[in-house]
K.L.:
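Take a look at this one; I'll ask things after.
On a predicted model such as this, the values are computed, not experimentally measured, just so you know.
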Amino acid sequence: MSMRVAQAIVAKDLRMEMRSRSAVSTVLPFAATMLLAFGFALGPDRLLLAETAPALLWLAALFASVELCHRSYQHEAANDALEGLLLSPVDKGAVFLGKAAAAFVQLIVLLAVTTGIVIVLFGLPVGPAPVLLLVTAVLGIAGLSTVGSLLGLLAVRSRTRQAALPVLVLPLVSPVIIAATKATAGLTHGSTAGIGGWLGLLVAFDAAYLAVGYVVFGHLLED
């Protein structure tokens with residue numbers, strides 16, 4: 001039953017995105033503009049651009065996740081869908097998993113596009129271990145989508161909390177951003193030393209975020 005609920009939420013959110021295309025029309029241009037601004041600010045030094053590229057890539061992913069998750073809940077609040085979820089007898093934890101999975105799919109696509117921009121603009125090398133880079137991307141985006149899907153709900157339950165959403169998200173996802181950036185920087189520069197530790201840290205925080213989100217999502221929905 002819970003799995004069917006989560007699948008239904010994923011399908012609904014992705015259909016909503018296909019209709020509105022908010023990620024394509026708003027979030028992606030925002031991320032691309034930010035990367036271009038940093039590129040021009042850093043100047044033509046290719047070595048400096050390549051060194052800063054991993055951090056800028058994950059910074060763009062962070063802000064994209066905040067905007068994407070906020071827009072997802074904003075649409076549901078405008079259509080009174082949150083009240084329907086609250087009154088529905090379904091497992092609220094399954095609803096959270098579905099929201100997080102839908103955000104994960106959208107953020108993976110956005111990360112793929114922004115990675116292409118970073119490769120072209122900053123000269124970021126893929127490195128000798130593309131599979132590990134893919135694992136890093138999956139684990140990093142999983143953490144961002146999980147936290148964003150949990151705290152994005154706070155942004156629409158009260159207007160006073162909307163401006164505080166980035167303030168709430170940033171401290172919680174800092175370990176994910178740091179670990180993902182360190183792993184990406186090492187892999188793109190051809191080094192796999194210490195990568196296992198960073199990936200292990202990502203797995204641990206992803207699991208913790210999922211567990212906490214599953215438990216507290218229903219309580220946040222009721223507030």
K.L.:
Could you list the residues that satisfy side-chain contact (heavy atoms from CB on, under 4.5 Å) with Thr115, not counting sequence neighbours?
P.N.:
Leu57, Leu111, Ile119

K.L.:
Between Leu56 and Val113, is there a shared hydrophobic cluster once you connect ILVMFWY residues whose side-chain heavy atoms come closer than 4.5 Å?
P.N.:
yes

K.L.:
Under the side-chain contact (heavy atoms from CB on, under 4.5 Å) rule, collect the residues that match up with Ser149, sequence neighbours excluded.
P.N.:
Cys69, Tyr73, Phe96, Lys99, Ala100, Ala103

K.L.:
Pair Thr136, Trp198 - check side chain to side chain contact (heavy atoms under 4.5 Å, CB included), show working.
P.N.:
CA-CA 9 Å; Thr136 302; Trp198 293 119; over 6 Å; no

K.L.:
Can you measure from CD1 (Ile141) to CG (Leu202) and round to the nearest 0.5 angstrom?
P.N.:
11.0 Å

K.L.:
Could you pull out the closest heavy-atom pair between Gly98 and Ile9, with the gap in Å?
P.N.:
C-CG2, 3.5 Å

K.L.:
Can you tell if the side chain of Leu59 reaches within under 4.5 Å of the side chain of Met34, non-hydrogen atoms only?
P.N.:
yes

K.L.:
Given side chains that start at C-beta, do those of Leu199 and Leu132 come closer than 4.5 Å, heavy atoms only?
P.N.:
yes

K.L.:
Could you work out, with side-chain contact (heavy atoms from CB on, under 4.5 Å) as the rule, every residue matching Pro175, not counting sequence neighbours?
P.N.:
Phe205, Tyr209

K.L.:
What are the two closest heavy atoms between Asp206 and Ala142, and how far apart are they?
P.N.:
OD2-CB, 3.6 Å

K.L.:
Can you name the nearest heavy-atom pair linking Ala137 to Ile108, along with the distance?
P.N.:
O-CD1, 4.3 Å

K.L.:
Locate the shortest heavy-atom distance separating Ala64 from Leu107; write the atom from each residue and the value.
P.N.:
C-CD2, 4.1 Å

K.L.:
Out of curiosity, does Val118 fall in the hydrophobic cluster containing Leu133 (side-chain heavy atoms, cut-off under 4.5 Å, transitive links)?
P.N.:
yes

K.L.:
Can you tell me how far CD1 of Ile178 sits from CG of Leu201, rounded to the nearest 0.5 angstrom?
P.N.:
9.0 Å

K.L.:
How far apart are the closest heavy atoms of Leu14 and Ala102, and which atoms are they?
P.N.:
CD2-O, 3.9 Å

K.L.:
Answer whether the closest heavy-atom distance between the side chains of Leu62 and Ser65 falls below 4.5 Å.
P.N.:
yes

K.L.:
Val147 versus Val176: any side-chain heavy-atom pair under 4.5 Å?
P.N.:
no

K.L.:
Please round to the nearest 0.5 Å and tell me the distance separating atom OG1 of Thr146 and atom CG of Leu172.
P.N.:
12.0 Å

K.L.:
Report, one line per pair, each donor and acceptor closer than 3.5 Å where one atom sits in a side chain of residues 179-189; sequence neighbours left out.
P.N.:
| unit_1 | atom_1 | unit_2 | atom_2 | d |
| --- | --- | --- | --- | --- |
| Thr181 | OG1 | Ile177 | O | 2.7 |
| Thr184 | OG1 | Trp58 | NE1 | 3.0 |
| Thr184 | OG1 | Ala180 | O | 2.7 |
| Thr188 | OG1 | Thr184 | O | 2.8 |
| Thr188 | OG1 | Ala185 | O | 3.1 |
| His189 | ND1 | Ala185 | O | 2.6 |

